[in-house]
Protein chains: 2
Amino acid sequence: MPKETFYNLKDDKKQKIFAAAVQEFSSSRFNEASINQIIKHAEISRGSFYQYFNDKEDIYLYMISEIGKEKLAVINEARRLEPDADFFQAFLHMTETALTWAKAMPQYNEIGMRMAVDDSEFIMKLRALSPEGTNQLKEMITRDQQRGLIKATIDADLVIEMILTMMLHLLIGYYRTGKYEEMFTRAKVIIDIIKNGIAASEEG
Amino acid sequence: MPKETFYNLKDDKKQKIFAAAVQEFSSSRFNEASINQIIKHAEISRGSFYQYFNDKEDIYLYMISEIGKEKLAVINEARRLEPDADFFQAFLHMTETALTWAKAMPQYNEIGMRMAVDDSEFIMKLRALSPEGTNQLKEMITRDQQRGLIKATIDADLVIEMILTMMLHLLIGYYRTGKYEEMFTRAKVIIDIIKNGIAASEEG
DNA sequence: CTGTCATGTGACATACTTGTCATATTAGGA
DNA sequence: TCCTAATATGACAAGTATGTCACATGACAG
């Protein structure tokens with residue numbers, strides 16, 4: 001929650017500060033990110049910073065919530081398609097969305113990557129608060145179990161965990177190599193491997 | 001490569017310094033680890049530290065190589081068993097070894113965890129140098145493909161990537177929750193999911 | 001024009017870091 | 001015992017960081 005003084009600023013100045021925060025938090029983890037760098041790039045004084053925000057946590061939360069708004073729009077757009085797709089199609093689509101997002105917004109993606117591997121107290125707490133969009137996936141698996149597409153004995157939570165782990169791994173791979181096509185191909189193969197393990201086709 | 005003055009020290013003093021390094025590097029990533037903390041716990045002076053080691057990288061490499069020696073012994077012990085096991089049995093056994101190791105040596109495990117998610121220049125370089133024990137796994141998959149236990153079309157490298165990713169994920173899970181049995185159970189389920197995807201039983 | 005209040009500023013205190021170096025201590029051979 | 005060479009020490013310089021605060025500037029109402 002930035003202070004009122006921040007919200008009173010002109011939009012382009014707010015934007016500049018936001019951009020400076022993105023720049024800093026996309027190149028350093030929370031603990032290592034420096035307010036000095038932020039104010040330098042935003043071209044504001046140290047005093048001003050503390051007139052806008054309480055501390056580093058404050059501007060981080062602000063930045064995350066701003067990014068979240070943008071992200072939500074993209075995700076909702078993606079979800080509107082294919083309402084009847086099975087879990088595998090949906091997940092592949094989701095992966096594609098995530099990769100596209102990562103490609104389009106490399107800095108935002110980088111922030112997410114850093115957050116995923118951050119073990120500072122603040123980020124740990126923050127992660128614990130946001131439950132991810134996991135419910136929707138679980139519903140899909142349950143539905144596909146009822147439709148007879150996925151084995152009834154499968155532990156949905158574990159499958160989701162597997163799949164999100166692999167997706168994060170792919171994102172990190174993309175982030176490190178920049179090879180979008182390759183990561184997408186891999187995603188398809190990984191889903192195929194998981195599918196032929198959890199699909200009910202043979203055993204039931 | 002610590003300096004000669006370090007190797008000239010009595011064993012218990014060397015041991016104390018090693019323990020202080022383990023303590024510090026198991027609770028902080030490389031960049032955040034503090035030499036001040038190490039010398040405090042080792043009860044040596046700042047000057048002495050720089051008489052023993054060139055810098056932080058130096059003591060880190062020393063510590064890692066010492067741990068590596070211990071680890072190698074454990075791994076070799078584990079590999080001696082079941083020479084004819086298939087890939088899945090072998091991998092499960094490997095996971096068990098890793099989890100046991102993590103349980104027995106929590107600090108070493110923590111160091112490994114931190115190293116896995118460290119993106120400092122030094123650790124990135126270090127990771128790139130050590131190629132992991134991935135060859136052995138690949139040989140097993142190839143052999144099992146020839147034995148007809150695994151689909152011939154499967155990309156061994158990708159499977160190894162998947163499996164190591166999931167194993168790391170489980171290790172991190174164990175590290176965070178301390179629930180050894182649960183992680184081992186999950187490992188079995190994960191392997192089962194991957195197996196019924198890559199086993200040649202139905203399609204291959 | 002002036003008074004008031006919001007906003008901008010950078011020097012400062014404080015606390016941390018690493019690596020150096022002059023000096024003190026210790027140990028072992030002659 | 002005494003001398004020398006190895007080793008131990010902590011003050012220090014130079015750098016980083018955060019958060020505060022007295023003061024400067026700007027804007028706007030009367």
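Below, chain A is the first sequence line, B the second, and so on; all start at residue 1. Keep in mind the model is a prediction, meaning the values are calculated, not measured.
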Residues that B:Lys138 engages under side chain to side chain donor-acceptor pair (under 3.5 Å), provided they are two or more places apart: B:Asp157
Interatomic distance, A:Met162 atom CE to B:Ile193 atom CD1 [nearest 0.5 angstrom]: 5.0 Å
Salt bridge (Lys or Arg N to Asp or Glu O under 4.0 Å) pairs, two or more places apart, involving residues 86-104 of chain B: none
B:Tyr7 and B:Tyr62 aromatic ring geometry - parallel, tilted or perpendicular at 30°/60° bounds: perpendicular
B:Ile64: side chain to side chain contact (heavy atoms under 4.5 Å, CB included) partners, not counting sequence neighbours: B:Tyr60, B:Ile111, B:Met115
Contact interval (first through last nucleotide) of DNA chain C with protein chain B, 4.0 Å heavy-atom: C:dT17 to C:dC21
Residue-level proximity of residues 25-38 of chain A to DNA chain D when a heavy atom falls under 4.0 Å: A:Ala33, A:Ser34, A:Ile35, A:Asn36
Short side-chain to backbone donor-acceptor contact, A:Glu57 and A:Phe122, under 3.5 Å: no
Partners passing side chain to side chain contact (heavy atoms under 4.5 Å, CB included) against A:Leu158 (at least two apart in sequence or in another chain): A:Asp155, A:Glu161, B:Arg186, B:Val189, B:Ile190
Pair A:Phe184-A:Tyr174, ring pair (Phe, Tyr, Trp, His ring centres under 6.0 Å): steps then yes or no: CA-CA 9 Å; A:Phe184 189 55; A:Tyr174 168 65; over 10 Å; no
Under-4.0 Å salt bridge between B:Asp144 and B:Arg147: yes
Pair A:Tyr108-A:Glu70, side-chain donor/acceptor within less than 3.5 Å: yes
Inter- and intrachain pairs under salt bridge (Lys or Arg N to Asp or Glu O under 4.0 Å), touching residues 38-56 of chain A, at least two apart: A:Lys16-A:Glu43
For chain B, the stretch of DNA chain D it reaches, first to last nucleotide, under 4.0 Å of its heavy atoms: D:dT7 to D:dA11
Pairs involving residues 110-126 of chain B, ordered by first then second residue, that meet salt bridge (Lys or Arg N to Asp or Glu O under 4.0 Å) (sequence neighbours left out): A:Arg29-B:Asp119, A:Arg114-B:Asp119, A:Asp119-B:Arg114, B:Glu110-B:Arg114
Members of residues 48-56 of chain B that approach DNA chain D, where some heavy atom sits under 4.0 Å away: B:Ser48, B:Gln51, B:Tyr52
B:Ser48 and B:Ser45: side chain donor to acceptor below 3.5 Å: yes
Parallel, tilted or perpendicular, as decided by the 30° and 60° cut-offs, for the rings of B:Phe49 and B:Phe53: tilted
Salt bridge (Lys or Arg N to Asp or Glu O under 4.0 Å) against A:Asp11, all qualifying residues, sequence neighbours excluded: A:Lys14
Those residues of residues 1-13 of chain A lying under 4.0 Å from DNA chain D by at least one heavy atom: none
